[in-house]
Structures are given as structure tokens and as C-alpha cells.
Amino acid sequence: MKNALPSPLTEEREEVMVSQKGHCLRKANFLKPFSTSIDGSVTELPRRDDQRRLSDSFSSQLNRLSSRDSFSGFWVPDRHFIYWLGKMEALYEPIWQKAGIFEAIMASTYKITKNPTLILSVAEKWCSDTKSFVFPWGEATITLEDVMVLLGFSVLGSPVFAPLESSEMRDSAYKLEKIRVKNIGYDDWRVSQRSWTSSFMGRGGQMEHEAFLVLWLSLFVFPVSTRHSISRQVIPMAVRLARGERIALAPAVLAFLYKDLGQICDFARGTYAGKVNSKSLVKLVQVWTWERFRNIRPEVREIPQGEPRIARWSNLQQRSKNVRWSFDDFDWRPYTKPLRNWNPLRFYLEEAMWVTVDENLEDEFVSFARCVRSSQLVGIGFVEDYYPNRVAMQFGLAQDLPGLITLQKNFTEKESWDDYSKSLDGLMLYMPSRLDRGSVTARYQDWWLKSVSDSLRSEEMQEESTEAFNASNTFDVVDDDDIDVSPKVLPLSQVVQKLEEGFPAKCRRSRMRRLPKRYNISEPVHMTRAHEDDNESSMDEEDDYMTVSQLIRSRKKFSDVENTGGDASESLRKRSRRYMVVDSDDDSGPCQKHASIEVERRSVEDDGTSKKTEIKRQICDDVNGSNAERKAMIDDAIKEAESWLHEDREMKKKCIEKFCSKAKKEEDVDKRLRERKLAIEKIAFELETRIIKMEKSLAETRKWKTRGNQTKHRFQLS
């Protein structure tokens with residue numbers, strides 16, 4: 001008997017959707033599970049009756065949170081780790097690519113400057129029941145997509161708790177553990193990075209590779225403490241990764257982060273009096289906030305060629321000192337926009353399409369399916385719930401009432417993993433266009449306004465947002481790529497509204513014409529591009545993507561025409577093609593009324609006019625000469641212009657060649673300097689290693705000398 005095909009993760013149907021035009025009935029794709037009735041099985045937001053505002057105690061809590069031992073995910077690699085990384089990368093990059101950790105290792109080398117104020121402000125919005133941040137305008141959360149894009153971890157592969165299968169792998173793990181125990185310090189009972197590195201660096205072979213991965217997993221993936229200790233739990237994972245086995249690290253990393261966010265949230269609300277000592281990559285919260293909220297992000301850097309996306313946030317300082325209540329400019333899909341030196345992942349398609357999941361489908365598309373499927377995330381010794389159906393718009397899908405998810409709370413790690421890794425073969429997967437921003441149903445809007453008013457206090461709602469259901473964060477609005485927006489900058493709609501106040505009514509374009517195109521409806525097909533269900537004209541599409549400056553120029557043009565009042569000196573051609581657009585109250589679509597002004601020619605034939613015309617012709621003939629002379633003049637001018645163009649091209653070509661030659665010389669100099677720097681660091685590290693070994697030898701010598709003196713003293717006494 002064949003296994004039943006997995007149920008689709010999305011459903012396409014017609015619904016009353018919310019837009020800035022009002023409510024409209026259209027087709028949309030919804031992420032399961034959802035509910036179609038407010039009275040049905042809906043996952044409600046919990047009430048925050050026990051929360052208290054961060055006021056006078058915020059400074060003291062912030063000082064506690066800023067201590068060195070508060071976060072473990074911001075550790076910066078030192079020069080010894082960088083040197084060891086360079087050596088291992090040259091030898092084992094193909095294995096890292098196979099195991100799906102190459103980009104993650106590269107991403108871990110960038111420094112993210114910790115901002116406790118930002119982290120505390122975001123974490124205060126966290127809801128442990130829904131695993132999401134609850135803002136007045138809607139829900140948002142950190143998903144597997146964020147972990148995959150920003151940190152480079154894989155959502156596919158074997159679980160973190162999988163046992164070592166072969167005896168050879170178990171022997172390797174035993175040897176690593178034996179050396180770890182030998183290096184445990186007697187003062188703090190931990191294995192420091194320095195002792196671990198000195199024990200393995202330069203040893204060569206498979207064991208050195210495994211030891212490096214143990215160090216990387218302990219410091220940059222599962223930082224169990226802020227004291228940079230080597231963890232015993234990651235040794236089996238390092239042995240498996242060193243042999244090219246792909247491990248799904250993304251679910252485990254996100255599970256640890258969800259767990260820590262609950263603790264930080266309680267701390268921010270004043271319901272947790274203990275010390276915050278995270279065991280996750282909390283830096284992801286800060287980077288996620290910068291990626292999503294354009295009004296509070298620092299000025300981004302350009303990504304170096306071949307580097308991961310997180311490089312744009314390296315060593316940046318927060319530009320705003322008070323970011324606690326300015327989370328109102330949310331970017332639902334920041335990773336779909338191409339950046340310089342960085343291209344979006346392959347599953348961000350130009351046009352929506354349906355695909356069938358099978359063994360021939362690329363891993364990136366299967367990864368997208370894992371990202372949008374509700375499941376449980378398996379950590380190390382615990383599991384956390386994962387609800388992407390609550391934030392469908394982050395994946396370009398439509399949002400309806402979040403349905404109840406029937407996941408057992410007493411699942412073991414193995415049972416939770418079996419549900420997460422359930423086979424998707426035969427699944428029909430809807431891939432939205434990278435331009436889709438999704439929308440919400442009218443039913444969801446009504447439910448959200450009621451739920452958020454019950455969940456958040458009225459005074460908090462007034463301070464956080466003047467409008468609980470912010471249209472700019474809920475509807476599909478066309479925005480410019482990578483443009484930092486200050487909190488004081490008005491939205492495009494308000495800018496246009498203010499511009500219109502200075503123009504006469506008959507010169508204004510219809511509001512319905514100014515609204516951007518928001519919906520790209522796709523029909524399900526098998527491995528074929530979906531057809532758009534959009535009947536707007538090409539002129540509408542052009543107007544949809546007009547920038548503010550273009551709108552200003554357009555309205556200025558109409559204003560100038562109106563002010564001239566059709567002066568008689570205006571040319572007949574311009575006046576005969578002048579059109580005016582008036583406002584329309586018709587909601588069915590853009591309605592325009594064109595009024596063309598026709599100017600009749602009046603020819604006055606009299607002797608005086610005829611004589612003046614003949615005189616002008618004679619003057620023109622005398623000046624210009626015959627037709628042959630005029631043609632020769634035109635040819636000479638064309639030749640002279642072509643000569644200038646040729647000289648200009650040659651000059652530009654020489655400048656480009658000179659610039660390229662200079663750039664190449666600079667690259668060679670930089671390369672030689674880097675090589676010299678690496679050589680110096682290598683010598684310094686070798687000297688430091690020798691000093692450590694000499695110190696150990698001296699300690700042993702003193703120890704034996706002390707024992708010898710004690711033995712000699714006992715012998716004399718006897």
C-alpha cells in the first residue's frame with residue numbers, strides 16, 4: 001500500500017481582503033493551519049495582566065543586562081581562532097560545503113556590537129505562548145528563514161542528538177573527551193579556549209579538524225556559557241560534521257533562542273528577578289531587528305565580495321538612543337531584495353509558481369517548505385513550538401485567523417524530530433513571488449483589533465502607536481530597496497496628500513490611480529509559472545512605482561500648465577495636447593475625464609503679411625545659401641561630432657585601463673601585506689605555544705623538585 005501524499009501547506013481561495021482602498025474580494029494563498037471563523041478553533045493572544053511597564057527600574061535592569069556575563073552570543077573571535085580557521089578552511093572547505101556549515105562558519109567571524117537597550121525593548125514584546133513578538137499592528141517573529149539567511153545554518157539534515165554509528169567515530173569522540181577532561185582547570189572547572197587550542201593546533205590530521213569544529217560549536221553555535229568553555233555535548237556533532245554529515249543546526253539554534261527570549265521578556269517586564277545568562281545566539285535578535293525595522297537600523301555597510309549577508313551589520317553602532325517604542329516601520333520580506341555583492345536565495349522567484357517536492361527538487365526549495373511548516377524545534381534536551389502560520393506575510397502569503405496546532409506537549413526529542421522531518425515527497429508546494437507582500441483578511445482585522453486591545457493595556461497602546469492596525473505594516477506597499485527611513489519622515493501617502501493641498505482640484509490625479517498595485521494572484525499549475533489575475537493597464541503599473549520626486553515633478557508640471565492659463569503665445573502643438581485629470585469618487589477603479597482644448601487656426605491674409613513673409617524667406621536664403629551648401633555644413637558638423645565622440649571614448653578607455661592597473665597593483669600590495677601579517681601571527685602564536693609548554697615544564701620541574709625535597713627531609717628525620 002502506497003503512503004498517502006502529504007497535505008498541502010497552503011490553500012488558495014477567494015476571501016474578502018483588506019487593502020488601503022477598502023475591502024475587496026480576491027483570490028489569495030493562505031498558510032495552514034488557519035481558521036475561517038472567529039468562533040472557531042483560533043489560537044488567541046494571552047492577556048498580559050501581570051506585566052508592568054519599564055519605567056524607573058529600566059536603567060537598573062539595563063545595567064544588569066549590559067554586564068559581561070549576560071549574553072553569550074556576541075563573542076568575537078580572536079587572532080588565534082582566525083589563524084586556525086584559515087588553515088582549516090584551506091584543507092576542509094569541500095567537507096564544510098557538503099555538511100552545510102561553510103557559510104555559517106564564515107558568518108561567525110563578524111563582530112556584532114551588542115546593544116542591550118535594543119534587545120531589551122524588542123524582547124519585551126515577546127509572547128512565549130505564541131512564540132512571536134506582539135506589536136500593536138500585528139505579530140512578527142524570528143523564523144527558520146531568518147536563521148538560514150542571516151547565520152547560514154541548515155534546516156535540513158540529521159538531528160543534533162543522533163548517535164555515532166561507527167566504532168571509528170566513537171573512538172574519535174572518546175579521544176577528544178579524554179583530552180578535554182585532562183585540560184579542565186581546577187579553579188573554575190572549565191576547559192578554556194587557550195588550553196584547547198594549544199592541545200590541538202598544529203597536530204594535523206582528522207583529530208585537529210574535529211577539535212576545531214568542537215571549538216566552533218562551543219563558542220559560535222551553542223554557547224552554553226559566556227566563559228568561552230569547551231562543551232562536552234558538541235563533541236559527537238563535531239565528529240559527524242568532520243565527515244561531511246549534514247546536521248540540521250538551524251532548528252536547534254532557534255529553539256535555544258526561543259527559550260532565552262522567554263527569560264529575557266520576563267526580565268524586561270520585571271517578573272524575573274534572577275540573573276539573565278543566555279545560552280543562545282542573542283545577536284540574531286539584534287540583527288533581525290535591524291533587517292526588519294528600517295527606522296531604527298544603523299547605516300548599513302556594503303557587503304564585501306563573496307561574504308555572507310551578516311557582514312553588512314559588522315561593527316555598527318545604533319544610531320538612535322531610544323528605540324523602545326518606535327517599532328512601526330516593519331519590512332515583511334527584506335531578503336527578497338538583491339543587494340550589491342549578495343543575491344537572494346533561489347527560492348525567491350520573480351513569479352509565483354507551484355512545484356512538486358521530490359528527490360529532483362533543489363534543497364533550497366525543500367528548505368522553504370520546512371520554514372513554512374508548523375512543527376516543533378528540537379534543541380539539546382528540550383523542544384520548542386514553531387508557529388509560522390501566525391506570520392504568513394513574512395513568507396509572502398496571505399494571513400487569516402491562526403488555527404490551533406495539535407502538537408503534543410509531552411513529545412520526546414525523537415518524536416518531535418520525526419514530526420519535523422516528516423517526508424514531504426509528493427507535496428504540492430506554492431512558491432510566492434519575491435514581490436508578494438501578502439495581506440490580511442477582513443475577518444483577521446476584526447479579530448486582531450479585539451485581541452490586541454485585550455492583550456495590551458490601553459496606555460501602552462497609546463504610547464506605542466497612534467493606530468493599532470497600521471496600514472503601512474499590514475498591506476502590500478511598494479518601497480525602495482535599502483533606504484533608511486527616519487522616524488520623523490512622513491509616509492508616501494502623507495507626502496502626496498500634503499502635495500495635493502497646494503494644487504487646484506482639477507489638476508490632481510485620482511487617488512485610485514496613485515495607489516500601488518498590491519496583489520499578484522496566481523493560478524496553481526505543475527512546475528509552470530502562475531498567471532497573474534490583474535487587469536490594470538501598463539500606465540497604471542508605471543504610476544504604481546513612481547517615486548516621490550517623480551510625483552513632485554508631475555504635479556509641478558500640471559500646476560505650471562494651469563497657471564499659464566493657455567497664453568496665446570503658447571505653441572499650437574503643446575496646447576492641442578494638453579489634458580487635465582479630475583478626481584473621481586468611483587471606487588470601482590481609476591476614472592479619468594479628459595478635456596482637450598482645441599485652438600482654431602486663424603489665417604489673416606493681407607498684403608502686409610505676405611510681404612513680411614517674402615522678406616523673411618529672402619533673408620534666410622541669403623544667410624544659409626543653397627541646399628547643397630547647407631547639406632555640406634550639416635555633414636561637416638556630423639563628422640566633427642563623431643570625431644569628438646571617438647576622442648571621448650578613447651579617453652574613457654585609457655582612464656579605465658589606468659584605473660584597473662592601479663587597482664590591481666593595490667590588490668597585490670594588500671595581498672602581500674596580508675600574507676606578511678599572517679606569517680607574523682603564525683610566528684607569534686608558535687612562540688606563545690612554546691612559552692606555554694615551557695611554563696608547563698617548569699611547573700612540572702618545580703613539582704618534582706618539591707616532592708624530592710620533601711622526601712629528602714623525611715629521610716633525614718628518620
Side-chain angles (χ1 to χ4, degrees), residues 9 30-34 42-46 48 73 118-151 153 155 250-266 268 278 280-293 327-335 367-368 370-377 379 383-405 407 420 437-438 440 444 448 451-452 455-456 464 470 473-474:
L9 303 178
F30 298 89
L31 185 59
K32 296 181 179 180
F34 54 78
V42 182
T43 307
E44 299 287 348
L45 293 175
R48 294 187 183 177
L118 177 63
I119 296 172
L120 198 65
S121 300
V122 179
E124 189 195 13
K125 318 289 185 186
W126 182 255
C127 176
S128 297
D129 294 332
T130 61
K131 308 300 178 186
S132 62
F133 300 104
V134 179
F135 300 99
W137 43 262
E139 287 182 85
T141 193
I142 302 174
T143 66
L144 289 173
E145 178 191 30
D146 300 297
V147 180
M148 183 170 58
V149 175
L150 295 177
L151 298 183
F153 294 114
V155 300
V253 168
L254 189 57
F256 271 104
L257 185 60
Y258 279 3
K259 189 175 183 181
D260 280 348
L261 277 172
Q263 185 187 61
I264 300 174
C265 176
D266 294 338
S278 66
S280 64
L281 300 180
V282 185
K283 67 179 180 181
L284 179 60
V285 178
Q286 185 168 316
V287 175
W288 178 86
T289 305
W290 283 344
E291 288 278 359
R292 298 284 180 172
F293 293 96
F327 301 108
D328 54 4
D329 188 15
F330 190 74
D331 190 347
W332 288 101
R333 306 193 74 192
Y335 314 130
S367 298
F368 180 80
R370 296 293 180 197
C371 291
V372 300
R373 183 178 179 272
S374 298
S375 59
Q376 286 186 318
L377 307 173
V383 296
E384 290 283 339
D385 294 329
Y386 179 61
Y387 302 132
N389 64 314
R390 304 188 70 91
V391 292
M393 292 177 64
Q394 289 185 210
F395 304 101
L397 300 169
Q399 182 69 60
D400 206 345
L401 301 179
L404 290 173
I405 300 177
L407 294 176
Y420 172 86
R437 295 295 181 269
V440 301
Y444 178 88
W448 177 259
S451 298
V452 77
S455 176
L456 302 179
E464 290 195 11
N470 191 336
N473 290 325
T474 311

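Throughout, residue positions are numbered sequentially from 1 according to the sequence presented.
Ala392 is linked by a side-chain contact (heavy atoms from CB on, under 4.5 Å) to Leu31, Leu397, Gln399, counting only residues two or more places apart in sequence or in another chain. Remark: Glu291 engages Arg309, Arg312, Trp313 in a side-chain hydrogen bond (donor to acceptor under 3.5 Å, both in side chains) (not counting sequence neighbours). Partners of Gln263 according to the side-chain contact (heavy atoms from CB on, under 4.5 Å) rule, which considers only residues two or more places apart in sequence or in another chain, are Tyr272, Val276.
Aromatic ring centroids of Trp126 and Tyr258 lie under 6.0 Å apart.
With rounding to the nearest 0.5 Å, the separation of SG in Cys371 from CG in Asp146 is 8.5 Å. With rounding to the nearest 0.5 Å, the separation of OG in Ser278 from CD1 in Ile119 is 8.5 Å. Atom CG of residue Leu120 and atom SG of residue Cys265 lie 9.5 Å apart, to the nearest 0.5 angstrom. Atoms CG and OG, on Leu261 and Ser132 in that order, are 11.0 Å from each other to the nearest 0.5 Å. Residue Phe30 holds its CZ atom at 10.0 Å from CG of Leu401, rounded to the nearest 0.5 Å. Separating the CH2 atom in Trp332 from the CZ atom in Arg437 is a distance of 11.5 Å, to the nearest 0.5 Å.
The two residues Arg292 and Pro334 come nearest to each other via the heavy atoms NH1-CD, 3.2 Å. Residue Leu377 comes nearest to Pro251 through the heavy atom pair CB-O, 3.6 Å, listed as atom of the first residue, atom of the second, then distance.
Taking the six-membered ring where tryptophan is involved, the planes of Phe330 and Trp288 are tilted, since the angle between them lies from 30° to 60°. Ring pair Trp448/Tyr444 is parallel by interplanar angle, where below 30° counts as parallel and above 60° as perpendicular. Note on ring orientation: taking the six-membered ring where Trp is involved, the planes of Phe135 and Trp137 are parallel (angle under 30°, cut-offs 30° and 60°).
At a threshold of 4.5 Å between non-hydrogen side-chain atoms, the residues Pro33 and Ser374 count as touching. Residues Thr289 and Phe133 have side chains not in contact (no heavy-atom distance under 4.5 Å, counting atoms from C-beta outward). When side chains are defined from C-beta on, Tyr387 does not count as touching Thr141, because their heavy atoms never get closer than 4.5 Å. The shortest distance between side-chain heavy atoms of Tyr335 and Leu150 falls below 4.5 Å. Considering only heavy atoms from C-beta on, Tyr420 comes within 4.5 Å of Val155 through its side chain.
A donor-acceptor contact shorter than 3.5 Å is absent between the side chain of Asp260 and the backbone of Leu257. The main-chain N or O of Pro402 is never found under 3.5 Å from a side-chain atom of Asn389 such that the two would form a donor-acceptor pair. Side chain of Tyr386 to main chain of Leu144: a donor-acceptor pair is present (N/O by atom type, distance under 3.5 Å, no hydrogens or angles). No side-chain donor-acceptor contact under 3.5 Å links Asp400 to the backbone of Phe34.
In this structure, Lys259 places its NZ atom where only 12 or fewer heavy-atom neighbours from other residues, nucleotides or ligands lie under 6.0 Å away.
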Worked check of side-chain contact (heavy atoms from CB on, under 4.5 Å) between Leu151 and Lys283: CA-CA 10 Å; Leu151 298 183; Lys283 67 179 180 181; 4.3 Å; yes
side-chain contact (heavy atoms from CB on, under 4.5 Å), that's the test. Do Leu118 and Trp290 meet it? Break it down for me. CA-CA 10 Å; Leu118 177 63; Trp290 283 344; 3.5 Å; yes
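Each of Lys131, Lys125, Arg390, Gln394 was compared with Glu139 under the side-chain hydrogen bond (donor to acceptor under 3.5 Å, both in side chains) criterion, and only Arg390 meets it.
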